[in-house]
Amino acid sequence: MTPVLYIVIPCYNEQEVLPITAPQFLAKIHQLTAAGKISESSRILFVNDGSRDRTWEIIRELAASDEHYIGISQSRNRGHQNAVLAGLMEAKDHCDITISIDCDGQDDINAMDAMVEEYLSGSEVVYGVRESRETDTFFKRTTAQGFYKFLSMMGAEVVYNHADYRLISSRVLQEFAKFGEVNLFLRGLVPLVGFKSSSVYYKRAERLAGESHYPLRKMIALAVDGITSLSVKPLHLITGFGVFVAILSFIGVLWALIAALCGNTVAGWASTTCIVCFVSGVQLICLGILGEYIGKIYLEVKHRPRYIISERTWEEEK
Ligand code: UDP
Ligand code: MG
């Protein structure tokens, strides 16, 4: 039996690029079907992430034009990670494998052949890894690389240079569905689910049209999300730092005692101020980081639905 493949594509304000890339995905489906690698009932699942432009209309038109195109629309913009999750969770009961990919043509569609190959030879998760970042600007390249380095330094396990272009089998997705967390960092969570995995390398191209929705601000937010939802290393660092400061202050107290015993103490306003500032600074940093975690706990205990679908291009079975 050939596997049913669902290509999951998050789309946010992509009216410029969608008409260009959609036929490319369809051609890929046809090619893989013809090669006997995937089933005839494979689909391209667009997830409209609350776009404010014509994206959803375009998806509906595509769905009407060919049965391979289907789409869901999130009730509002929830961000890339959430849109991918919505698509994967929708797809998991209808298919054997999913491949999530951006809709802007940056990720090489042809790497899908190798991904499906890897699946057929036993991998349940196949990571698409960027071989080079020649096409990215210097700024994007260095910030992105810093992002991966910083994440792993902070104890969040991620596959280096892998974004969200990956194949996941429905079996893994069924398990993944049990992860009830609201703070989503798919790249870090998928490795946590486990199962046999492998990587496929590809060259990242330039966006075919439209603009990137991932400015530095969002990348930093994603990194903070990734670290605080996957790792407690920052808390360990604080503990280590606390011990270090404690040792320093112990030495300081000894020094002050000896100085006082020797009788040459001078009331030093400057040093007192420095100490007060330093300690309050450290405390504030620690409180801030603790606050990050408390914020996460706060969100997790609410058990909010992670996505809400407002529309589908097909009739739902009752
Ligand atoms: N995207 C989304 N919701 C958002 C932002 C982006 O679904 O709030 C989608 C977007 O349509 C694209 C993918 O996520 O398919 C990656 O975004 P983009 O290409 O802007 O990021 P970059 O490749 O520049 O990191
Ligand atoms: Mg892109």
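Quick note: residue numbers are just sequence positions, from 1. The structure displayed is predicted, hence computed values, not measured ones. Note: hydrogens, waters and symmetry copies are ignored here, and every other heavy atom, side chains too, is used.
Counting only heavy atoms from C-beta outward, the side chains of I168 and V190 approach each other to under 4.5 Å. At a threshold of 4.5 Å between non-hydrogen side-chain atoms, the residues V126 and R166 do not count as touching. At least one side-chain heavy atom of L26 sits less than 4.5 Å from a side-chain heavy atom of Y69. Within the 4.5 Å cutoff, no side-chain heavy atoms of Y127 are placed close to those of L167. A heavy-atom distance below 4.5 Å is not found between the side chains of H80 and K218. Within the 4.5 Å cutoff, the side chain of M115 has no heavy atoms near those of the I97 side chain. A heavy-atom distance below 4.5 Å is not found between the side chains of I7 and L45. The shortest side-chain heavy-atom distance between V47 and V84 does not fall under the 4.5 Å cut-off.
Ring planes of H94 and W314: perpendicular class, angle over 60° (limits at 30 and 60°).
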Show your reasoning for whether side-chain contact (heavy atoms from CB on, under 4.5 Å) applies to I38 and T2.
CA-CA 5 Å; I38 59 169; T2 47; 5.5 Å; no

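The backbone N or O of Y119 sits nowhere less than 3.5 Å from a side-chain atom of S123 that would complete a donor-acceptor pair. In terms of modelled atom types and a separation under 3.5 Å, the side chain of T21 and the main chain of G105 share no donor-acceptor contact. At least one donor-acceptor pair closer than 3.5 Å links the side chain of S42 to the backbone N or O of L5. In this structure a side-chain-to-backbone donor-acceptor pair under 3.5 Å is missing from Q15 to D53. T313 places a side-chain N or O within donor-acceptor distance of the main-chain N or O of G71, the cut-off being under 3.5 Å. Under a 3.5 Å cut-off, the side chain of D104 and the backbone N or O of Q106 do form a donor-acceptor pair. With hydrogens and angles ignored, the 3.5 Å screen pairs a side-chain donor or acceptor of S51 with a backbone N or O of N13. In this structure a side-chain-to-backbone donor-acceptor pair under 3.5 Å is missing from N77 to G50. No donor-acceptor distance shorter than 3.5 angstrom exists from the side chain of D49 to the backbone of P10, with no hydrogens or angles considered. Looking at S152, its side chain does come within 3.5 Å of a backbone N or O of K149 through a donor-acceptor pair.
Closest heavy-atom contact between T98 and A91: CG2-CB, 3.9 Å. Scanning both residues, S73 and N48, for their nearest heavy atoms gives OG-ND2, 3.0 Å. Contact record, C95 with Y6: CB-CD1, 3.4 Å, taken as the closest heavy-atom pair.
Residues I109 and Y201 do not share a hydrophobic cluster, clusters being chains of Ile/Leu/Val/Met/Phe/Trp/Tyr side chains in contact below 4.5 Å.
Within the structure, salt bridge (Lys or Arg N to Asp or Glu O under 4.0 Å) pairs that include any residue of residues 24-37 comprise K28-D113, K37-E117 (at least two apart or interchain).
Note on K196 versus E118: no salt bridge recorded, every NZ/NE/NH1/NH2 to OD/OE distance being 4.0 Å or above. By the 4.0 Å N-to-carboxylate-O rule, D164 lies close enough to R187 to be salt-bridged with it.
Every residue meeting the side chain to side chain donor-acceptor pair (under 3.5 Å) condition with R60, not counting sequence neighbours, appears here in chain and number order: E311. For Y202, the ring pair (Phe, Tyr, Trp, His ring centres under 6.0 Å) partners two or more places apart in sequence, or in a different chain, are Y165.
Atom CG of residue D96 and atom OG of residue S39 lie 8.0 Å apart, to the nearest 0.5 angstrom.
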